[in-house]
Amino acid sequence: MSGKILPPTASSKGEILARFVLVSIAATVAALWKAMVNRRAVVRLSELDDRLLQDIGVTRSDVDHVLREPYRVDPSYRLALRRLERTRSSRPTLVLIEGGRGGAEAARRARLKARLQAA
């Protein structure tokens, strides 16, 4: 053997293509299976009452919305995205407090205002 790399033959090209097709089909089937399993979990979430959903950080409309997605879409991923968007948009804003007289009272009012905005 001289160590030369031989070009692929026609049969090996066909084998490579067949493996690629099989791997692609297997990946698609696995993704659909995962989406189906996660859809069942989200359906179970829809059976919870609103208080428990709020504890998790989602709303009933979020759950209903992601269940209307096509079956090939993973609803748990979409539900997590909706929750993340909501938590990012509802972060309390920072309030600057000037020093001097009444600083403690102004700080207490700012904390109360931040709590009211978060609720």
Side-chain angles (χ1 to χ4, degrees):
M1 286 271 206
S2 63
K4 290 184 180 179
I5 298 176
L6 299 174
T9 62
S11 63
S12 65
K13 287 181 184 177
E15 289 173 11
I16 292 171
L17 180 62
R19 285 182 184 164
F20 175 76
V21 169
L22 286 175
V23 168
S24 298
I25 291 172
T28 302
V29 168
L32 288 173
W33 181 262
K34 181 180 177 185
M36 186 179 70
V37 168
N38 289 341
R39 182 169 292 277
R40 288 181 189 163
V42 173
V43 166
R44 281 183 263 152
L45 279 178
S46 71
E47 297 167 357
L48 297 176
D49 64 349
D50 291 337
R51 184 182 55 83
L52 290 174
L53 289 175
Q54 185 180 10
D55 287 345
I56 298 170
V58 297
T59 62
R60 182 151 317 274
S61 64
D62 290 339
V63 175
D64 293 339
H65 180 77
V66 298
L67 286 175
R68 286 193 299 261
E69 295 281 340
Y71 279 96
R72 67 182 180 278
V73 176
D74 187 352
S76 64
Y77 177 74
R78 295 290 175 112
L79 192 60
L81 284 178
R82 288 177 69 93
R83 180 176 182 253
L84 182 62
E85 288 171 358
R86 185 181 311 101
T87 56
R88 283 188 178 171
S89 66
S90 67
R91 287 184 179 169
T93 56
L94 190 64
V95 178
L96 296 177
I97 302 170
E98 294 183 22
R101 299 183 112 178
E105 179 63 26
R108 187 184 67 73
R109 283 194 307 262
R111 283 193 300 273
L112 179 62
K113 184 178 180 181
R115 279 191 211 131
L116 291 175
Q117 285 178 349

**OP:** With sequence neighbours left out, write down each residue that passes side chain to side chain donor-acceptor pair (under 3.5 Å) with S24, or none if nothing qualifies.
**Re:** none
Subject >> Those residues that, when tested against D50, pass salt bridge (Lys or Arg N to Asp or Glu O under 4.0 Å) (two or more places apart) >> reply: R60
Original post:
What heavy-atom pair brings V63 and L53 nearest, and what distance separates the two atoms?
Top reply: CG2-CD2, 4.4 Å
Original post:
Do I56 and L79 belong to the same hydrophobic cluster, where Ile, Leu, Val, Met, Phe, Trp and Tyr are linked whenever their side-chain heavy atoms lie under 4.5 Å apart, directly or via other members?
Top reply: yes
Original post:
Quick one: salt bridge (Lys or Arg N to Asp or Glu O under 4.0 Å) pairs with a partner in residues 73-84, sequence neighbours left out?
Top reply: D62-R82, E69-R78
Subject >> ILVMFWY cluster membership beyond M36 - transitive side-chain contacts under 4.5 angstrom >> reply: W33, V37
Original post:
Taking only residues two or more places apart in sequence, or in another chain, which ones meet R19 in a side-chain contact (heavy atoms from CB on, under 4.5 Å)?
Top reply: none
Original post:
For A35 and P75, which heavy atoms make the closest approach, and how far apart are they?
Top reply: O-CD, 3.9 Å
Donor-acceptor pairs are to be reported for all side-chain atoms of residues 41-49 against protein atoms at under 3.5 Å, with residues two or more places apart or in another chain.
| from | atom 1 | to | atom 2 | distance (Å) |
| --- | --- | --- | --- | --- |
| S46 | OG | V43 | O | 2.5 |
| D49 | OD1 | L52 | N | 3.2 |

**OP:** Could you pull out all residues at least two apart from V29 that satisfy side-chain contact (heavy atoms from CB on, under 4.5 Å)?
**Re:** I25
